[in-house]
Amino acid sequence: MDYSNLTNTYRELEATTKRLEKTEIISELLKKTKEKELNQIIYLLQGKAFPKWDERKTGMSSRLVLKAINSATGISTTDLEKEWVKKGDLGNVVEEQIKKVKQTSLFKTKLTIDKVFKNIQKLAELEGKGTVTKKIQYIIELLTSAEPEESKYIIRTVIEDLRIGVKDGVIKDSIAKAFSKEPIQIEKAYNLTNDFAEVAMAAKNNKLSDLKMQVGKPINPMLAIKVENIEEGFKAVGMPAQAEYKLDGFRLQIHKNNSEINLFTRKLENVTKQFEEILLIIKSNIKLKKCILDAELVGYSPKTNKYLPFQHISQRVRRKYNIEAMAKEVPVEINVFDIMCKGETSLLDLSQEKRREILEEIIIEEKHKIILTNKIITENKKELEKFYKESLKKGNEGVMIKSTDSNYVPGRRVGGWVKLKPIQETLDLVITGAEWGEGKRANWLSSLTISCKEGDEFLEIGKVGTGIREKENEEGLSFSQITKELEPLIISKKGKEVKLEPKLILEIAYEEIQNSNNYNSKYALRFPRVLKIRNDLSLNDVDDLERVEKIYKKQRKI
Ligand code: AMP
């Protein structure tokens, strides 16, 4: 199929924000797609060339892409950069430039979906030295045959920012509609495979029920709903309930297939290389040859033997070098809490109680290597209260309360599990800087630098963009509203960044306060979120460094 068929669809998708219309557009395309191209089209609609869990990425920075556009069009990178700042979207820049160049070009071979897909896949498959030139060459090859509009989408796909407003939910509904299935069937199949291409193919051939969880491919982890207190917890999961420590590490899905072991994060990133030191433990301390386990990986200090907060191992997740040294600096303990697959058998439909029983039979516990998550089964409020306090005292985040007869439901917050954590205090912080956005946000100040007070000074503690709405008419604070408030406060500009007179105060929620070298307060907020503008406060009311430190210490039980 010609690539233009897909770019026509992209254009139509970009032109509407309505989910139903998007579903209609995609399902029409899927209906007329031949089986052999279904794979490619599904991936390209998601702006990718691989399933979500696949480690391969195109690995092209915007800078490299600029170079490729420069080689394909002859326009200098400085001029391209200027246009880029103006438009906030490299795709639009290339479209316009190719329009100019194309008038003089003589050759034109029609681009096919297959060609675009394969070249983009090749970008991801090239690794190591000397590959940059080859990668650029693959892009140039596409750009020289591309129509202006095609070039726009090629570049956006290469930089992994397609901007057609197609999220997983739309793909799910479109596959359901195209092949006359219920969306829930598609969702279930997706939660087991994390590959819409595989799901679409199965749906087309009426083989959805044949799709199985496979050791080596991550499934979407089961999620928990938040509760405010113990009564709510019991109410949600029934009695007796299984309570476990809620550890402050990161979720790890362990796939063991004899000596082949793969480790995935909650977002399905493959982190096997980063945690090589635990592979031996998995080989020796798990009695099954083949299984999928759910666990929390927790860092501890080799000096004090105490658990360390998440931020310490968070550095290990993305580490590509010095992995061994890091493993010594922040060793980790595997805390296993569930089992989803034993040999060839799925355990998803077994009860929590049964799955835990199996787990207890197959793990050889060894402190600081692998243990089962601490748990109690209780119907007594006081006992659970005591367990919760004990967990917090040990530096954990809180407790998970699980229904003893709940199945393992991948990817959904269905209520079989709930989480209980102390309510986080909010901070009142002032905006001292911002950055002009890109794409849809091009005319808005979108990444806001927030600061706390220290004497007469303001010290930066993070950047926030979450909690602000893109649309005006929705409830809550919008980007255009905040931009209007901030524009008169601009003191200086540098590229896309602006410095602002400290005036506008925001109430900020966050998950946690961490140490950080990125900001001059030496602290950073994890997952900050704007709650509201605090026009009722003055600069005197902005929270000071002392309060930040106090919350930090309280949180760490220092
Ligand atoms: P939250 O990130 O607040 O939505 O809480 C869910 C996360 O808590 C899970 O994704 C796990 O990474 C983590 N967690 C810690 N301890 C447990 C446990 N015992 N059972 C399940 N999840 C846990």
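The first residue of the sequence shown is numbered 1, and numbering continues consecutively from there. One-based numbering, in listed order, for ligands and for the atoms of each.
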Query raised in the report: In the protein, what heavy atom is nearest to atom 13 (C) of ligand 1, and what distance, to one decimal place, separates them?
Result: Glu296 OE1, 3.2 Å
Requested in this report: Identify whether the distance between the nearest side-chain nitrogen and carboxylate oxygen of Lys287 and Glu361 falls below 4.0 Å.
Outcome: no
Requested in this report: Indicate the ring-plane relationship of Tyr408 and Trp417, choosing parallel, tilted or perpendicular according to the 30° and 60° boundaries.
Outcome: perpendicular
Requested in this report: For the pair Glu296 (side chain) and Gly249 (backbone), establish whether a donor and an acceptor sit closer than 3.5 Å, ignoring hydrogens and angles.
Outcome: yes
Query - Sole residue of Asn220, Ile292, Leu293 in side-chain contact (heavy atoms from CB on, under 4.5 Å) with Gln253 - result: Ile292
Report task. Give the residue and atom name of whichever protein heavy atom lies nearest to atom 16 (N) of ligand 1, and the separation in Å to one decimal. Result -> Leu247 N, 3.1 Å
Query raised in the report: N/O to N/O below 3.5 Å, does that happen between Lys246 and ligand 1?
Result: yes
Query raised in the report: So, is Trp417 polar-close to ligand 1, with some N/O to N/O distance under 3.5 Å?
Result: no
Requested in this report: Among Lys369, Arg316, Lys328, find the one that has a salt bridge (charged side-chain N to carboxylate O under 4.0 Å, His left out) with Glu277.
Outcome: Arg316
Query raised in the report: Can you list the ligand 1 atoms lying under 4.0 Å from a non-hydrogen atom of Lys421?
Result: 3 (O)
Query raised in the report: With a cut-off of 4.0 Å, which atoms of ligand 1 are near a heavy atom of Thr373?
Result: 19 (N)
Report task. Could you check atom 19 (N) of ligand 1 against the protein and tell me its nearest heavy-atom contact, residue, atom and distance included? Result -> Glu244 OE1, 2.8 Å
Requested in this report: Among all protein heavy atoms, pick out the one at the shortest distance from atom 20 (N) of ligand 1; state its residue, atom name and that distance to 0.1 Å.
Outcome: Lys402 NZ, 2.9 Å
Query - Any donor-acceptor pair under 3.5 Å from Asp428 side chain to Asp543 backbone - result: no
**Report entry** Heavy-atom nearest neighbour in the protein, as seen from atom 4 (O) of ligand 1, with distance rounded to 0.1 Å
**Finding:** Lys419 NZ, 2.4 Å
Query raised in the report: Taking both backbone and side-chain atoms of Tyr245, is any N or O found less than 3.5 Å from an N or O belonging to ligand 1?
Result: yes
Query raised in the report: Can you tell me which residue and heavy atom of the protein come closest to atom 22 (N) of ligand 1, and the distance to 0.1 Å?
Result: Phe337 CZ, 3.5 Å
Report task. Describe, in one word, how the ring planes of His255 and Phe264 are oriented to each other, choosing from parallel (under 30°), tilted (30 to 60°) and perpendicular (over 60°). Result -> perpendicular
Requested in this report: Closest by any non-hydrogen atom to atom 6 (C) of ligand 1: pick that one out of Met222, Arg266, Arg251.
Outcome: Arg266
Query - Close aromatic pair by centroid cut-off 6.0 Å: Phe387 and Tyr245 - result: yes
Query raised in the report: Any N or O on Glu397 sitting closer than 3.5 Å to an N or O of ligand 1?
Result: no
Query - Identity and distance of the protein heavy atom lying nearest atom 18 (C) of ligand 1 - result: Met400 CG, 3.4 Å
Query - Heavy-atom check, side chain of Gln121 versus side chain of Phe50, under 4.5 Å - result: yes
